[in-house]
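What follows is a set of notes on a single structure, which appears directly below.
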Amino acid sequence: MPRPLAATLRAAALAAAALTAFLLAPAIRAAEAVPAAADPALEARVMRVAEELRCLVCQNQNIADSNADLARDLKNQVREMLGRGMTERQVIDFMVQRYGDFVLYRPPVKETTWLLWFGPFLLFAGGLLVLFRKLRARQRALATPLSAPERLAASSLLAPAGSEDGGARP
Amino acid sequence: MRRFLLPLGIFAVLVGFLAVGLRLNPREVPSPLVGKPAPAFRLAQLHEPDRTLAPEDLRGRVWLLNVWASWCVSCRQEHPVLLDLARSGAAPIYGLNYKDNRQAGREWLVQHGGDPYVSSAYDQDGRVAIDYGVYGVPETFVVDKNGVIRHKHIGPLTAEAVRDRILPLLKELNGA
């Protein structure tokens, strides 16, 4: 029966590998985190651009926060381009040309994104409109005085329970 | 009765949006490169490092550029489809070996049933892939005779995608 033994060994090896990886991880990460540019001003600009760019692998992260391979490559690309003297705008345009608007973490305001940008305000305005109309209708209903038969019906309804003040005034 | 119509209507619209939204694949980001000239590059070939591959050498031909790597798991899934496509002779397939190790890339082709590529360019640092807006390997581009990208397929090619999208497009481009 070599199966269970093999399985146990494999599990043990896996556990050992996981433990090693866990122990080594901080060291590896520390090595990765060393910026290629020793110049802190350039690094700050790199981060500013990186925060505007979406990581297309992880999608809900910008490349400044992401540790994905592609994000690291793109950060290097940004660093190199800024180092060559390009402006932040030019670097971002370079990325948009290749990856499309989706690469922008803040979507641009243009025809296709109007609904995205203004939709919530539209919904809010619609909600306000409905609310005002409801309130207006209710106010009008309260303002109209009761007709004579209505008043009679009301007082007959209130009469049996009307020994106390009851809160209802005619 | 009428007071329920509005919430019901809103609910129906919401369901409609969700039904469409949940079916979309968020991984498929439309490429701005479709309709634009294929970005130029000149890279050493995977198998023969002293020879180069460049899109401008392929002017006048309809060709496919497939981005692949030996470390890419879904490339395995796609590989038989590429081999079939290469065998069909519909269009030459060129590879862009993305951030790979030369040796590993060559061995991977041998291990996985052969080399569907006329040749592969060796993009070790992934710079060319950035120019092509690659964010998930495998990706496949269809380039026309004028060197313009006509289609981009993201993720592994399937037999259905080849039959329904790639082959008709190749036929159209080759006919024109």
Side-chain angles (χ1 to χ4, degrees), chain A residues 36 49-50 53-63 66-81 83-84 86 91-105 107-108 110 112-113 115-116 119-120 122-124 126-127 129-131 133-134 137-138 141, chain B residues 2-11 13-14 16-17 20-21 24-41 65 67 69-74 96 98-101 123-139 141 148-149 152 154-155:
Chain A
V49 173
L53 297 173
R54 181 186 304 278
C55 165
L56 284 118
V57 182
C58 12
Q59 297 205 343
N60 289 326
Q61 253 184 331
N62 59 35
I63 63 171
S66 171
N67 247 328
D69 259 4
L70 180 66
R72 226 175 309 137
D73 288 351
L74 289 179
K75 262 180 281 186
N76 286 336
Q77 179 90 28
V78 169
R79 187 175 293 120
E80 190 200 295
M81 291 172 80
R84 254 189 280 144
M86 291 173 84
V91 175
I92 288 177
D93 286 345
F94 170 92
M95 294 297 173
V96 171
Q97 271 164 27
R98 280 151 186 79
Y99 291 98
D101 283 338
F102 191 68
V103 80
L104 298 175
Y105 213 69
K110 53 196 241 180
T112 46
T113 56
L115 193 64
L116 179 71
L122 221 67
L123 277 179
F124 183 64
L129 198 75
V130 170
L131 182 70
R133 281 179 58 178
K134 286 256 173 212
R138 183 183 293 180
Chain B
R2 254 202 69 213
R3 56 194 296 226
F4 294 116
L5 279 179
L6 190 65
L8 195 69
I10 292 172
F11 178 70
V13 168
L14 202 65
F17 272 115
V20 174
L24 294 176
N25 182 357
R27 299 257 141 218
E28 268 171 37
V29 179
S31 172
L33 289 170
V34 174
K36 301 248 171 68
F41 64 83
L65 181 70
V67 186
S70 67
W71 48 261
C72 150
V73 180
S74 10
L96 183 68
Y98 174 59
K99 299 193 78 174
D100 209 344
N101 170 293
D123 185 19
Q124 189 176 17
D125 55 10
R127 282 298 162 95
V128 170
I130 289 180
D131 274 344
Y132 277 79
V134 169
Y135 61 87
V137 195
E139 290 186 13
F141 297 83
V148 173
I149 295 176
K152 178 186 182 184
I154 295 157

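Chain A is the first sequence line, chain B the second, and so forth, proteins listed ahead of strands; every chain is numbered from 1. Computed from a predicted model, the values in this text were never measured in an experiment.
More than 12 heavy atoms of other residues, nucleotides or ligands sit less than 6.0 Å from atom CG of Leu24(B). Remark: Gln124(B) CD is loosely packed, at most 12 non-hydrogen atoms of other residues, nucleotides or ligands lying under 6.0 Å away. Summarising the local packing, CZ of Arg3(B) is surrounded by 12 or fewer heavy atoms from other residues, nucleotides or ligands at distances under 6.0 Å.
There is no contact between Val130(A) and chain B, counting heavy-atom distances below 4.5 Å. When heavy atoms are compared at a cutoff of 4.5 Å, Lys99(B) approaches chain A solely by way of its side chain, counted from C-beta outward.
The minimum heavy-atom distance linking Pro32(B) with Gly100(A) is given by the pair CG-N, 3.2 Å. Of all non-hydrogen atoms in Tyr99(A) and Ala129(B), the two that sit nearest each other are OH-O, 4.3 Å.
Rounded to the nearest 0.5 angstrom, Gln77(A) CD and Asp125(B) CG are separated by 9.0 Å. Atom CG of residue Leu33(B) and atom CZ of residue Arg98(A) lie 7.5 Å apart, to the nearest 0.5 angstrom. Between Leu70(A) atom CG and Tyr98(B) atom OH the span is 5.0 Å, to the nearest 0.5 Å.
Between Phe94(A) and Ile130(B) the shortest side-chain heavy-atom distance falls below 4.5 Å.
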